[in-house]
J.: 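Below is the structure I would like to discuss, written out as structure tokens.
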Amino acid sequence: MHDLNFFRDHLDRFEQMARARGIALDLERFRTLDRERRALITDYEKRRWAQRLAGGKLARGATVVMFGLEEWHRFYPIAKSVDEDFPEQGPSEAALERFLKKVARCNKDSEHRIAELEEQLRQFMLQVPNLPHESVPVGKGPEDNRVVRVWGEPPRFDFPPRPHWEVGERAGILDLPRAAKIAGSRFALYRGAGARLERALANFMLDVHTREHGYTEILPPFLVNTASLTAVGQLPKFAADMFHLEGTDLWLTPTAEVELTNLYRDETLDADSLPIRVCAWTACFRSEAGAAGRETRGITRQHQFQKVELYKFTRPEQSYDELESLVRDAETILQRLGLHYRVVLLCTADMGFAAAKTYDLEVWLPSAGEFKEISSCSNCEAFQARRAGIRFKPKGGKSEFVHTLNGSGLAVGRTWLAVVENYQQADGSILVPEALRPYMGTDRILPEKV
RNA sequence: GGAGGAGUGGCCGAGUGGUUGAAGGCGGCGGUCUUGAAAACCGCUUCCCGGUUGCACCGGGACGGGGGUUCGAAUCCCUCCUCCUCCGCCA
């Protein structure tokens, strides 16, 4: 969410942003709401002042002459506007009482109307996405994203590489039919070395990030409330993409970004503690209601998957350096696993709602002969922090909003399938990447009859 | 799930209808004193919104959240949330 005053003073920039992101923004509606709200507040506060003043006089049992000259000059026009018959001078106790009754009702009405307008204004502001950073390419869609760098090379096969669901089934480590029986489509069931591989990947990622990259591990709740989702920007817009628990205020978390952003919601952090780096392994749940029919084969797109999330709270001036190092931290995992990948800078049209700048990491999938997203790393600047009330206080200065950054480090399920595809062998076995061998206790997954 | 109790400023803690943003204390900041420090003493110590070029000034709002009663609510009523204690249940 943007700062209201900043928004009002830079409407042209937001108009430009809307065009770059390819969305509609009804700025005329904003102008109307904003103008009306401020006019009402001004009037209301004048009457409120008069009400407090008169109330105070009455409490002291004043009767006739009790206003200072200047006070009276300010007070009388307000009283007259509320009560036509208000005496021009020397109001009696009865006149004051009548005025107070009228002004109380009048102010109550104003309060309601102002609250209504503020809710409408809030709803409006909640759907304004973040402003892209100046280094973000303006574009119309994924085709305008920019490849920043490519690491490694695709593995060579002397046989046609199979898609991961075939490799997994042949090796007896992935059982999609039974997952469907238990839960339905878009759920996975791992068996034996497959289950262990998923666990090994999560542990490997957490170990690297906590031991080598300075992140503190968090194990948060997997269920989150409406307030937390709203603070991140998942709600109100993306309710349909999540699982909601009937009769409660709880939702299955779509990403640990929700929990980690809300770690410090409505708190003021010590300036010296920044940047704060945390990471979390969680299950993630997405109903993907709008995506039916896409990527139905295999486990690329699931209702439930695991992810190790990286998250940073930083000072504004350091957030873009921290974004670069966040991306490197995520890349380390792919490099250690020996997986060919590329880094893509998303264009304005392809970025998420809260992001000011986003890099995607895309891993090579030999069966498809293309790159597939495995991580998304964003700097949200103060956008989420403002919405979530996360500040820091510089020494001797006013408190400011922190910048928040998040990225996958990495999506475990997609890493699983990338390993399986890239390390598959002609005999149906799967080589275990060097870095995972201590976790797997073997250098090769051998096919097993189920 | 059942029965009780509690939520006040960075922290502790007064305050049960009237200029109370809120006594007192602690902490923090500035000053006096001191060779320096401590102690002592003095002063300061929140955030949001509106009017404004303005962190100046004027005004409004905020005592867990929301609603109500009243001319007026930290104080009375309703409701929700959180925490604590006891009972039940449970990995």
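First the proteins, then the strands, lettered A, B, ... as listed; each starts at 1.
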J.: Without decimals, in angstroms, what is the distance between A/R122 CZ and B/C48 P?
T.: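 Checked: the CZ to P distance equals 18 Å.
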J.: For B/G72, take OP1 and OP2 only and decide whether either is under 4.0 Å from a side-chain N or O of A/R52.
T.: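 False: A/R52 side-chain N/O out of range (4.0 Å or more) of B/G72 OP1/OP2.
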J.: Rounded off to whole Å, could you give me the NZ-to-C1' distance for the A/K46 and B/G61 pair?
T.: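 About 18 Å, once rounded to whole Å.
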J.: Nearest-Å distance, CZ (A/R265) to P (B/G65)?
T.: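 Interatomic distance, CZ of A/R265 to P of B/G65: 15 Å.
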J.: Parallel, tilted or perpendicular: which one describes the rings of A/F7 and A/F124, with boundaries at 30° and 60°?
T.: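 Plane angle over 60°, so perpendicular.
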J.: Can you figure out which of B/U19, B/C71, B/G59 approaches the side chain of A/R74 most closely?
T.: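 Output: B/G59.
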J.: Could you pick out which residue, A/E45 or A/A54, lies toward the 5' side of RNA chain B when each is mapped onto its nearest nucleotide?
T.: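 This one resolves to A/E45.
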J.: Between B/U46 and B/C63, how far is it from one C1' atom to the other, in whole Å?
T.: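 Roughly 13 Å separates the two C1' atoms.
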J.: If pairing requires Watson-Crick or G-U wobble contacts with both distances under 3.5 Å, which nucleotide is the partner of B/U34?
T.: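 Matched B/U34 with nothing under the 3.5 Å cut-off.
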J.: Using atom P of each nucleotide, how far apart are B/C78 and B/G21 to the nearest Å?
T.: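 The answer is 26 Å between these two P atoms.
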J.: Would you call the rings of A/F75 and A/W72 parallel, tilted or perpendicular, taking 30° and 60° as the class edges?
T.: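 Correct class here is tilted.
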J.: Who is the Watson-Crick or G-U wobble partner of B/C57, with both distances under 3.5 Å?
T.: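 Check on B/C57: paired to B/G51, both distances under 3.5 Å.
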J.: Tell me: CG of A/D3 to P of B/C48, nearest whole Å?
T.: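 To the nearest whole Å, that distance equals 10 Å.
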J.: Taking any strand in view, what nucleotide pairs with B/A62 in a Watson-Crick or G-U wobble way, both distances under 3.5 Å?
T.: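 Checking every strand shown, B/A62 finds its partner in B/U46, with both distances under 3.5 Å.
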J.: Below 4.0 angstrom from OP1 or OP2 of B/G59, is there any side-chain N or O of A/R48?
T.: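 A/R48 to B/G59 OP1/OP2: no side-chain N or O under 4.0 Å.
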J.: Round to the nearest Å and state the distance from A/L53 atom CG to B/G60 atom C1'.
T.: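 Result: 14 Å.
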J.: Report the C-alpha separation of A/R336 and A/E212 in whole Å, then their side-chain angles, then the decisive distance to 0.1 Å, and conclude whether the salt bridge (charged side-chain N to carboxylate O under 4.0 Å, His left out) test is met.
T.: CA-CA 13 Å; A/R336 297 272 178 89; A/E212 298 177 35; 2.6 Å; yes
J.: For the C1' atoms, the ones on B/G66 and on B/C11, what distance do you get once it is rounded to whole angstrom?
T.: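 After rounding to an integer number of Å, I get 27 Å for this pair.
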J.: Kindly assign one of parallel, tilted or perpendicular to the pair A/H244 and A/W251, based on the angle between their ring planes and the thresholds 30° and 60°.
T.: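 If you compare the ring of A/H244 with that of A/W251, the planes turn out tilted.
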J.: Would A/R38 and A/D34 count as a salt bridge (charged side-chain N to carboxylate O under 4.0 Å, His left out) here? Give the steps.
T.: CA-CA 6 Å; A/R38 287 195 287 162; A/D34 183 57; 3.3 Å; yes
J.: Using a heavy-atom cut-off of under 4.0 Å over every strand shown, decide if A/R37 touches base, sugar-phosphate, or nothing.
T.: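 Contact class for A/R37: sugar-phosphate only.
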J.: For B/C83, give the paired nucleotide (Watson-Crick: N1-N3 plus N6-O4 or O6-N4; G-U: N1-O2 and O6-N3; both under 3.5 Å), or none.
T.: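 Check on B/C83: paired to B/G5, both distances under 3.5 Å.
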J.: Identify the nucleotide, in any strand shown, that forms a Watson-Crick or G-U wobble pair with B/G24, with both distances under 3.5 Å; if there is none, say none.
T.: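 B/C12 - that is the nucleotide pairing with B/G24, both distances being under 3.5 Å.
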J.: Grab the CG-P distance between A/L269 and B/G10 for me, whole Å please.
T.: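 Distance check: A/L269 CG to B/G10 P gives 15 Å.
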J.: Under 3.5 Å for both donor-acceptor distances, Watson-Crick or wobble: does B/U70 have a partner, and if so which one?
T.: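 Pair assignment: B/U70 / none.
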J.: Check the pair A/R48, A/E45 against salt bridge (charged side-chain N to carboxylate O under 4.0 Å, His left out), reporting the backbone distance first and the verdict last.
T.: CA-CA 5 Å; A/R48 185 80 185 131; A/E45 287 183 351; over 6 Å; no
J.: Determine the Euclidean distance between corresponding C1' atoms of B/G28 and B/C86; express it in Å to zero decimal places.
T.: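 Going atom to atom, C1' in each nucleotide, I get 41 Å.
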J.: Of the nucleotides B/C71, B/G60, B/G50, which one has an atom closest to the side chain of A/I41?
T.: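 Minimum distance to the A/I41 side chain belongs to B/G50.
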J.: If you measure from the C1' atom in B/C77 to the same atom in B/G25, how many Å do you get, rounded?
T.: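 Approximately 34 Å lies between the C1' atom of B/C77 and that of B/G25.
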J.: Give me the distance, rounded to whole Å, that separates B/U69 from B/C90 when you measure between the P atoms they each carry.
T.: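 Here B/U69 and B/C90 have their P atoms 47 Å from each other.
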J.: Indicate yes or no: does A/R113 engage A/E36 in a salt bridge with an N to O separation below 4.0 Å.
T.: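 Salt bridge between A/R113 and A/E36, a charged N being under 4.0 Å from a carboxylate O: no.
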J.: Compare side-chain N and O positions of A/H112 against OP1 and OP2 of B/G66 and report whether any pair is under 4.0 Å apart.
T.: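 Negative; the distance criterion is not met.
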J.: When the C1' atoms of B/A23 and B/U19 are compared, how many Å lie between them, rounded to an integer?
T.: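 Approximately 16 Å lies between the C1' atom of B/U19 and that of B/A23.
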J.: Within this structure, what is the CD1-to-P distance between A/I114 and B/A62, rounded to whole angstrom?
T.: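 After rounding, the reported distance stands at 13 Å.
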J.: Please measure how far the P atom in B/G5 lies from the corresponding atom in B/C12, and state the result in whole Å.
T.: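 That atom pair is separated by 22 Å.
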J.: Select one nucleotide: of B/G50, B/C71, B/C48, the one nearest the side-chain heavy atoms of A/R391.
T.: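 Nearest listed nucleotide: B/C48.
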J.: When the nearest nucleotide of RNA chain B is assigned to A/Y44 and to A/K101 on a heavy-atom basis, which residue is associated with the more 5' position?
T.: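 Mapping each residue to its closest nucleotide by heavy atoms, the 5'-most match is A/Y44.
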J.: Please give, in whole Å, the distance from B/C47 C1' to A/E267 CD?
T.: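 Interatomic distance, CD of A/E267 to C1' of B/C47: 16 Å.
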J.: Looking for any heavy atom pair under 4.0 Å, which part of the strands does A/K108 touch: base, sugar-phosphate only, or nothing?
T.: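 Base: the residue A/K108, judged by heavy atoms under 4.0 Å, touches a nucleobase.
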